[in-house]
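Down below is the structure, laid out as structure tokens.
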There are 2 protein chains.
Amino acid sequence: MATISDVAKQTGLSSATVSRVINNYPHVSEEKRRLVHEAMQELGYFPNTSARNLRNRKTNLVAVLIPRLTNPFFTTILDGIEKVAEEKGFQLLICQTQSSKKKELDFLTLLKTKQVDGVIFTSIENDWSKIEPYTESGPIILCNEYHRDATVPIVRLDQAYGSYLGTRHLIERGYKKIAFCHGSKSGLSNDRRKGFERAIAEAALPLNQEWVFHDTYTMEDGKKVLKKIINLKNRPTAIFTGGDEVASGVLKEAKRHGLKVPEELAILGFDDQPIASLIEPELTTIHQPGEEIGSRTMSVFIDCLNGVIERTQQSVIELPISLVKRKTT
Amino acid sequence: MATISDVAKQTGLSSATVSRVINNYPHVSEEKRRLVHEAMQELGYFPNTSARNLRNRKTNLVAVLIPRLTNPFFTTILDGIEKVAEEKGFQLLICQTQSSKKKELDFLTLLKTKQVDGVIFTSIENDWSKIEPYTESGPIILCNEYHRDATVPIVRLDQAYGSYLGTRHLIERGYKKIAFCHGSKSGLSNDRRKGFERAIAEAALPLNQEWVFHDTYTMEDGKKVLKKIINLKNRPTAIFTGGDEVASGVLKEAKRHGLKVPEELAILGFDDQPIASLIEPELTTIHQPGEEIGSRTMSVFIDCLNGVIERTQQSVIELPISLVKRKTT
DNA sequence: CCGTTTTTTGTAATCGATTACATGGAATCG
DNA sequence: CGATTCCATGTAATCGATTACAAAAAACGG
């Protein structure tokens with residue numbers, strides 16, 4: 001492989017001048033500029049990225065932590081991040097955490113070793129106290145996540161408001177016995193529960209603990225939930241699932257049991273994934289602007305790098321969330 | 001940031017010895033080893049990746065070219081690639097090509113600039129002659145793609161056999177008027193057409209050009225196809241779509257028009273994506289082992305790096321493809 | 001035309017690691 | 001005990017760029 005000094009030799013110039021040409025610096029005569037370009041062409045020269053990175057102390061690489069690549073909601077976010085990244089000359093490093101605390105921390109050493117300029121979390125597993133020490137090594141942004149004590153920029157949706165909106169909708173439709181599914185008891189899922197509870201409380205409706213289901217994430221979990229519901233003496237008439245996948249599991253199993261949706265059971269999703277409009281009846285759900293939250297996050301990231309935004313103190317950007325009325329409510 | 005010479009200074013040793021400790025070389029006394037580890041801890045030292053990459057002439061980075069991150073089939077492949085990569089200590093760089101020839105070529109300069117050790121194509125847009133010059137700079141692997149003249153390892157599925165299998169199935173079920181959708185007229189899509197035509201020819205069935213649809217990729221395209229079918233005097237009784245998304249579009253629109261599936265129109269997908277078992281009736285489709293093809297590809301990639309496999313001549317690994325019978329045929 | 005400023009180019013240090021080669025000391029062997 | 005081998009460590013070159021500083025050449029001003 002040709003190096004910069006090969007080009008220098010070929011042209012009879014110094015590598016400094018060649019470097020100036022490569023980086024489009026002023027104060028290089030047109031003649032030499034042309035000469036250098038010719039030589040580069042001829043030798044098939046490309047600047048070595050590692051050498052540049054070393055010297056420039058940056059890599060134009062961003063680590064994106066994502067729980068699972070096969071989760072459509074996260075790939076939508078990723079897509080949003082990627083579009084801005086590519087536009088601004090950044091590359092993305094995929095870091096699939098599989099929701100493991102250990103992997104999440106492991107990926108953070110990418111920051112310490114200067115392999116990446118910064119990190120974007122699209123979900124977060126560890127306590128903030130574990131993450132915080134890494135903030136000194138480069139920008140960290142939370143995307144679609146919220147931690148009360150986080151000392152970094154946050155781009156998020158008002159989850160609580162989203163579920164409040166959804167629950168209100170159910171109430172307005174006349175449903176009074178409303179079940180609720182949620183994932184973990186922290187973060188997003190917790191916010192959703194709060195919004196749900198607020199709407200329920202405002203309407204002075206009963207909140208039966210039999211109607212609350214934990215650790216629901218997948219379609220399979222949704223099916224299980226419905227099976228439990230079937231066996232209750234006092235069945236709910238509507239269910240707010242934590243996500244579209246769970247919702248579709250509930251729906252599928254409901255149909256299998258001959259339960260009419262929404263007449264006998266209304267179902268409300270969360271996310272507005274493509275499947276929401278594919279299944280039948282089409283799913284009423286809370287729309288999360290996945291791509292937009294991704295692209296905003298990447299913009300914030302770049303602002304941090306450029307010092308436009310303070311990177312070690314909390315700031316929150318909140319994007320609107322909305323209800324998409326379809327056929328299951 | 002602490003560097004290796006800070007650690008050397010702190011311990012009173014040379015940076016050579018520190019490097020030996022970092023890289024677990026023999027011939028370092030236990031005492032110094034401990035000393036170095038302590039100093040590293042104390043100084044919060046992490047080796048600088050760019051410096052290492054420069055010196056070692058490798059990055060442990062692989063560029064993965066993928067048309068769209070939001071296409072579930074490709075993210076499944078990506079997931080397979082990622083799992084092996086992480087196991088073997090490689091990181092993945094996301095390169096979303098948006099099916100653009102230009103972007104595809106742009107990403108290849110990552111190889112020239114030594115930013116990545118190699119490239120995996122999960123789809124390919126340019127002619128092989130455009131790609132070939134890059135093979136000298138590092139391993140390139142084709143994943144789920146095939147180019148007759150490609151001079152690199154290929155991991156693929158026998159698409160022609162898959163569609164042959166599917167078409168045979170339709171024929172065995174008694175369908176005689178079979179429509180066919182395909183994307184572009186090159187590559188994968190072309191192979192699928194060949195298998196389809198072979199099965200049709202073997203059964204001596206008619207191949208009506210009115211029943212062949214081009215450039216179908218999305219759900220929307222599927223809907224359009226069905227609208228066209230509706231308006232035909234001589235309607236097909238079955239349709240082999242190029243993919244599950246197209247199939248689900250066809251299905252959805254068929255139901256909207258009151259067409260009974262599969263009684264009045266049988267539908268066969270391709271891919272076996274999660275949606276295939278979500279929609280109703282559940283979709284009969286050709287199963288492509290996405291994750292496996294990804295993981296095999298990454299293994300082949302590593303074999304190339306280690307010189308176990310010749311990287312500049314064609315070799316083909318073919319994975320099995322199978323029919324999943326569900327309810328639409 | 002001479003002094004000053006600006007443009008063009010080069011020299012050499014630097015980024016932070018790895019490693020070939022050299023060296024001194026300890027262990028081994030006949 | 002002297003020759004040989006092995007172990008532990010250091011010195012300095014190297015990977016391939018960028019850039020501070022210096023110097024030569026050109027342009028400018030009066």
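A note on names: the letters A, B, ... follow the listed sequences, proteins ahead of strands, and every chain is numbered from 1. As the structure is a prediction and not an experimental result, all values here were calculated from the model.
- Between B:E291 and B:K83 there is a side-chain heavy-atom pair separated by less than 4.5 Å.
- Of the residues near DNA chain D, A:S5 and B:R55, the one whose nearest nucleotide (by heavy atom distance) lies more toward the 5' end is B:R55.
- Note on A:S19: a base of the nucleic acid sits closer than 4.0 angstrom, heavy atoms only.
- Under the 4.5 Å side-chain criterion, counting only non-hydrogen atoms from C-beta, A:K101 is not in contact with A:I124.
- Between A:A51 and A:Y25, the residue whose closest nucleotide on DNA chain D is further toward the 5' end is A:A51.
- Between A:S15 and A:H27, it is A:H27 whose nearest contact on DNA chain C lies nearer the 5' terminus.
- Contacts of A:N23 with the nucleic acid, taken as non-hydrogen atoms under 4.0 Å apart, involve only primed sugar atoms and P, OP1 or OP2.
- A salt bridge between A:R33 and A:E38 is absent, with no side-chain N of the basic residue lying under 4.0 Å from a carboxylate O of the acidic one.
- Protein atom CG of A:N56 is 12 Å distant from nucleotide atom P of D:dA20, rounded to whole Å.
- Remark: side-chain polar atoms of B:D303 are not paired, donor with acceptor, to backbone N or O of B:I309 under 3.5 angstrom.
- At a threshold of 4.0 angstrom between heavy atoms, the contacts of B:R20 include nucleobase atoms, whether or not backbone atoms are also involved.
- The nearest whole Å value for the distance from the CD atom in A:E31 to the P atom in D:dA25 is 15 Å.
- B:R52 has its side chain within reach of B:I22: a pair of non-hydrogen atoms, C-beta onward, lies under 4.5 Å apart.
- When DNA chain C is scanned 5' to 3' for any atom under 4.0 Å from a heavy atom of chain A, the first and last hits are C:dT7 to C:dG16.
- Between B:K32 and D:dT9, a side-chain N or O to OP1/OP2 separation shorter than 4.0 Å is present.
- The main-chain N or O of A:T3 is found under 3.5 Å from a side-chain atom of A:D6 such that the two form a donor-acceptor pair.
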